[in-house]
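Following: one structure in structure tokens, then a few remarks.
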Amino acid sequence: MNAELVERYVAAWNETDAAARAKAVAELWTEDGAYTDPLAQVRGHEAIAAVIAGAQGMFPGLVFSAGEVFDAHHDIARFTWHLGPEGGEPVAIGFDVVQLAEDGRIAQVLGFLDKVPAA
């Protein structure tokens, strides 16, 4: 996994057009790819795209951006991300661990929430 793939991953989370988001998810994840975080545990393109749409619905107007941490070895990478107003202070910060399949697409994402908005 490299920085370019992280940028594509973050872009998928920011994609508000349902058809473009579905295409981005299909290009990034294997057909049986999985996504797990404290709020969701899903498998497959349609379910992953639905989780992304749900996150956008919970935080309208906010955007995801890559954080400062990126590290990778073998077929595994970890990186931080931020969610907040464009160019502003993040209201949420997370840490994702990604495992890639042999074809270079994402097989699994394990997400952690380091900072969440106050209820």
Side-chain angles (χ1 to χ4, degrees):
M1 181 156 196
N2 56 33
E4 185 263 338
L5 190 56
V6 173
E7 291 299 324
R8 288 177 47 219
Y9 176 83
V10 169
W13 280 87
N14 287 325
E15 182 53 66
T16 56
D17 178 79
R21 183 173 48 247
K23 182 177 187 287
V25 167
E27 290 173 353
L28 282 167
W29 268 273
T30 60
E31 286 74 13
D32 64 343
Y35 177 85
T36 303
D37 71 15
L39 306 174
Q41 185 172 19
V42 298
R43 182 173 295 279
H45 292 166
E46 191 174 310
I48 293 167
V51 167
I52 294 171
Q56 292 174 354
M58 287 175 54
F59 303 104
L62 301 183
V63 295
F64 288 91
S65 60
E68 308 80 27
V69 175
F70 175 80
D71 189 24
H73 63 80
H74 298 89
D75 62 350
I76 299 172
R78 63 182 178 137
F79 57 90
T80 54
W81 53 263
H82 298 165
L83 174 66
E86 185 131 14
E89 185 71 24
V91 298
I93 297 173
F95 186 96
D96 286 358
V97 177
V98 176
Q99 182 174 18
L100 298 179
E102 287 186 20
D103 68 1
R105 290 188 296 164
I106 297 169
Q108 182 174 20
V109 175
L110 302 173
F112 297 85
L113 302 175
D114 297 324
K115 174 185 174 184
V116 294

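- The local environment of CD in E4 is crowded, with over 12 non-hydrogen atoms from other residues, nucleotides or ligands closer than 6.0 Å.
- Closest approach of G33 and I48 over heavy atoms only: O-CD1, 3.6 Å.
- Here A53 pairs with R21 under the side chain to side chain contact (heavy atoms under 4.5 Å, CB included) rule; sequence neighbours left out.
- Considering L28, D32, V25 in turn, V25 is the only one that fulfils the side-chain contact (heavy atoms from CB on, under 4.5 Å) rule with H45.
- Minimum heavy-atom separation, V42 to A47: CB-CB, 3.6 Å.
- Contact of the L5 side chain with the V98 side chain is not registered, since no non-hydrogen atoms from C-beta on lie closer than 4.5 Å.
- Taking each heavy atom of V51 and A40 in turn, the nearest pair found is CG2-CB, 3.9 Å.
- In this structure, V6 and A66 approach most closely via the heavy-atom pair CG1-CB, 4.2 Å.
- To the nearest 0.5 angstrom, R78 atom CZ is 4.5 Å from D71 atom CG.
- Closest of all the heavy-atom pairs between G111 and P38 is O-CD, 3.5 Å.
- Here the CG atom belonging to L83 is positioned 5.0 Å from the CG atom belonging to L62, to the nearest 0.5 angstrom.
- Taking the six-membered ring where the residue is Trp, W13 and Y35 present tilted rings, their angle falling between 30° and 60°.
- For Q41, the CD atom sits in a loose shell: 12 or fewer heavy atoms of surrounding residues, nucleotides or ligands are nearer than 6.0 Å.
- Contact check for P85 versus V63: no side-chain heavy atoms found under the 4.5 Å cut-off.
- Taken from CG in L100 to CD1 in I106, the straight-line distance is 6.5 Å, to the nearest 0.5 Å.
- Checking side-chain atoms of Q99 against main-chain N and O of D75 turns up no donor-acceptor pair under 3.5 Å.
- By the 30° and 60° cut-offs, the orientation of the rings of Y9 relative to F79 is perpendicular.
- Judged by distance alone, with hydrogens and angles left aside, the side-chain atoms of N14 form a donor-acceptor pair with the main-chain N or O of F64 at under 3.5 Å.
- A distance of 16.0 Å separates CD1 of I93 from CZ of F112, quoted to the nearest 0.5 Å.
- The pair E15-R8 fails the salt-bridge criterion, with no side-chain N (NZ, NE, NH1 or NH2) lying under 4.0 Å from an Asp/Glu carboxylate O.
- The shortest non-hydrogen separation linking T30 to A101 is CG2-CB, 3.5 Å.
- Listed for the T80 side chain is a donor-acceptor partner under 3.5 Å among the backbone atoms of E68.
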- [ ] Please report the C-alpha distance between W81 and F70 in whole Å, then the side-chain angles of each, then the deciding distance to 0.1 Å, and finally whether the ring pair (Phe, Tyr, Trp, His ring centres under 6.0 Å) criterion is met.
- [x] CA-CA 10 Å; W81 53 263; F70 175 80; over 10 Å; no
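- With sequence neighbours excluded, the residues satisfying side chain to side chain contact (heavy atoms under 4.5 Å, CB included) with S65 are H82.
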